[in-house]
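What follows is one structure encoded as structure tokens, with my remarks underneath.
Just so you know, ligand 1 is whichever comes first in the structure, and atom 1 is the first atom listed for that ligand.
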Amino acid sequence: MNVEDRAPAHVKAIAPYQPGKPISELARECGLDEAAIVKLASNENPLGVNEAALIAMTRALAEVTRYPDGNGFDMKCALSAKFGIERERIVLGNGSNDVLELAARAFLVPQSVALYSQHAFAVYPLVTQAVGARGIEVPAREFGHDLDAILAALTPDTRVVFIANPNNPTGTFLDGSRLERFIAAVPTDVLVVLDEAYTDYVPKSLRYDSIAWLARYPNLVVSRTLAKAYGLAGLRVGFGLGSAQVIDLMNRVRQPFNVNSIAQAGAVAVLDDPAFLERSYEVNLAGMRQLTAGLAKLRLSWIPSFANFVTFKVGPADVVYQRLLAHGVIVRPIASYGMPEYLRVSVGTHPENQRFLDALEGALDGLSDRPAERPA
Ligand SMILES: *Cc1c(COP(=O)(O)O)cnc(C)c1O
């Protein structure tokens, strides 16, 4: 018997995460110039790195012989001031994916159940399977979470429910009052992980205050990231907010130095720059209008999105994806999310969005099985 045969069955059963194609990889494969490639595949912020964060990170480089602050004091102070929550109720993550994993490791045991929606974020099944728990995917409704179906799927074995709002890769959004009623209906011994990675892109008229809910629902954890609207995806930094008791448990299974010192320095700086967040929001709003107007012109349908990407229907998505790559444009196929006829494109800068739309028009040329045309 080989050592790999000894790996637990639940580990062998994990389907690896499929990330967006890196620019350097496409450049290598197709002999393209990296500067000529447009990547709109991983919902990254097109604004470039925040100036204050860059200065803070450069300064922090000189201190890398030291371990980072394992308690993240400065970053927790910044979060505490910004969100009005005590430091004991904050857990820091190496990206918010880390926060999702901490929730799984602190609350799931083998054979217990985590619930999540069909077409929801791929990391929920990953972190569930990694601890040997059972993930149950609840059928979606119009590509979004069906909260009533999720409530109906709860059993005494359910320990965690993952909800993404807005959801990735569909961009769907749950109204705040509906969502709060859902949380109130979940038994108090089931952890609700509310993943709000895209919350800063939600139109202002639709925003709700999930942080205020934490006082009412001690079984709620809100997770946020600095990877999207704050523009620090490569740095890997996110955070979770919850009751002091839940956060304490998550901290026990956390690696002591999970957030590196440069990430902490960059995070503190960008958290102190609300103007950057506002610009991220505005640029995204304009880019979303540009992209959806372009898709409409090409007579394609899309799922209305409340995040920084939009998922559209093309029929033979893999052919279109490959043709876009040949034009130097990287988007995201989402067949692994059960959506083989769709592609997801992140909102870029105005010129990037235009490059994508032009390339898409070319890629659709002569396709025999385009989806039915949109009704006017
Ligand atoms: C991008 C994303 C995250 C954030 O991941 P990080 O680890 O913080 O980069 C979390 N949840 C969803 C649904 C996402 O799409």
At a non-hydrogen distance cut-off of under 4.0 Å, which region of Asp195 contacts ligand 1 (side chain, backbone, both, or neither)?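 The answer is the side chain of Asp195.
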I'd like to know whether the aromatic ring centres of Tyr337 and Phe143 sit less than 6.0 Å apart in this structure.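 So the answer is no for these two rings.
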Aromatic ring proximity Phe309/Tyr198, centre distance under 6.0 Å: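 Yes.
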Going by distance only, is there an N or O of [X] that falls short of 3.5 Å from an N or O of ligand 1?
| X | value |
| --- | --- |
| Ser96 | yes |
| Asn94 | no |
| Tyr124 | no |

Identity and distance of the protein heavy atom lying nearest [atom]:
| atom | result |
| --- | --- |
| atom 3 (C) of ligand 1 | Lys228 NZ, 3.3 Å |
| atom 15 (O) of ligand 1 | Tyr198 OH, 2.6 Å |
| atom 7 (O) of ligand 1 | Arg236 NH2, 2.6 Å |

For the residue pair Asp358 and Gln354, confirm or rule out a side-chain donor-acceptor distance under 3.5 Å.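 Yes, side-chain donor-acceptor contact under 3.5 Å.
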Qualifying residue for side-chain hydrogen bond (donor to acceptor under 3.5 Å, both in side chains) with Ser346, from Asn43, Asn284, Asn353: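 Of the listed options, the one satisfying the test is Asn43.
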Which one of Arg207, Lys228, Arg224 satisfies the salt bridge (charged side-chain N to carboxylate O under 4.0 Å, His left out) criterion with Glu196?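 Among Arg207, Lys228, Arg224, the one that satisfies the salt bridge (charged side-chain N to carboxylate O under 4.0 Å, His left out) with Glu196 is Arg224.
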Counting each atom of ligand 1 from 1 as listed, which ones have a heavy atom of [X] under 4.0 Å away?
| X | result |
| --- | --- |
| Ala197 | 2 (C), 3 (C), 10 (C), 11 (N), 12 (C), 14 (C) |
| Asn168 | 13 (C), 14 (C), 15 (O) |
| Ala227 | 9 (O) |

Does a sphere of radius 6.0 Å around CZ in Arg178 hold more than 12 heavy atoms from other residues, nucleotides or ligands, not counting ones at 6.0 Å or beyond?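 Count over threshold, so yes.
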In plain terms, say whether Glu352 and Arg355 are close enough for a salt bridge, that is, a side-chain N and a carboxylate O under 4.0 Å apart.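 A salt bridge is absent here (no side-chain N lies under 4.0 Å from a carboxylate O).
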